[in-house]
Amino acid sequence: MPTNCAAAGCAATYNKHINISFHRFPLDPKRRKEWVRLVRRKNFVPGKHTFLCSKHFEASCFDLTGQTRRLKMDAVPTIFDFCTHIKSLKLKSRNLLKKTNSFTPTGACNLTLSSSQQVLLEHSYAFRNPTEAKKRIIKLEREIASLRRKMKTCLQRERRATRRWIKATCFVKNLEASNLLPKGISEQILPAALSNLPLEDLKILGQDQQEKALPVL
């Protein structure tokens, strides 16, 4: 019976005309466990007829002093092509999915959705038909209009609050100028950005706030 390599993705088979040797898993529990770990196969338990081919060992792992190529006592397999194995598994799964979808009846509406259909449903940016896309666009336009109205209201409130602060600052500075309030009181009760402005600049700023129109969004 031909001996196959137990490494994932390795298609090596015993052939006396090919210079490939096959080696059993070691009996020592510690070394055997290390080999199993390096093979990286899920739920893999090697038996007495389980082999690894020589392609998975470096040249320094072999004892070539005799007529037969033997592994050294401390040899471990380190050469694996896991990427190729993963690609082959993905290709097999895709082919299986295509076959499954090809046998799915077109009239059965209550069957389990395919993986591609589930992806469409899970992602909000993917639509099955133009009608759904149009409904989504209309909904987003309404949300944008609502946000614009809220922004306009907030800007109006901000302008009204700014005008009230300017009027209060002008009133306090007028009282200071008329010696009805102690000098420097405006610096204590008013924000620094307004208390440092001259009274004339505050009046001009107040006029600008009243005349300035709200931008159309």
Find the distance between [atom1] ([X]) and [atom2] ([Y]) and round it off to the nearest 0.5 Å.
| X | Y | atom1 | atom2 | value |
| --- | --- | --- | --- | --- |
| D28 | K33 | CG | NZ | 12.0 Å |
| D63 | K72 | CG | NZ | 6.5 Å |
| R69 | N19 | CZ | CG | 5.0 Å |

Sequence neighbours excluded, which residues qualify as salt bridge (Lys or Arg N to Asp or Glu O under 4.0 Å) partners of R160?
none
With clusters defined by side-chain heavy atoms of hydrophobic residues (ILVMFWY) lying less than 4.5 Å apart, directly or transitively, does I20 cluster with Y14?
yes
Would you say the side-chain atoms of R31 pair up with the backbone N or O of A75, donor to acceptor, closer than 3.5 Å?
yes
Name every donor-acceptor pair, under 3.5 Å, that has one atom in a side chain of residues 138-146 and the other anywhere in the protein, sequence neighbours excluded.
none

Can you give me every donor-acceptor pair (side chain of residues 44-59, partner residue at least two apart or in another chain, under 3.5 Å) with its distance?
from	atom 1	to	atom 2	distance (Å)
T50	OG1	G47	N	2.7
T50	OG1	G47	O	3.4
S54	OG	S21	N	3.2
H56	ND1	I79	O	2.8
E58	OE2	T78	OG1	3.4

Nearest heavy-atom neighbours spanning [X] and [Y]:
| X | Y | value |
| --- | --- | --- |
| E34 | V76 | CG-CG1, 4.2 Å |
| F62 | H23 | CE2-NE2, 3.5 Å |
| V39 | F25 | CG2-CZ, 4.1 Å |

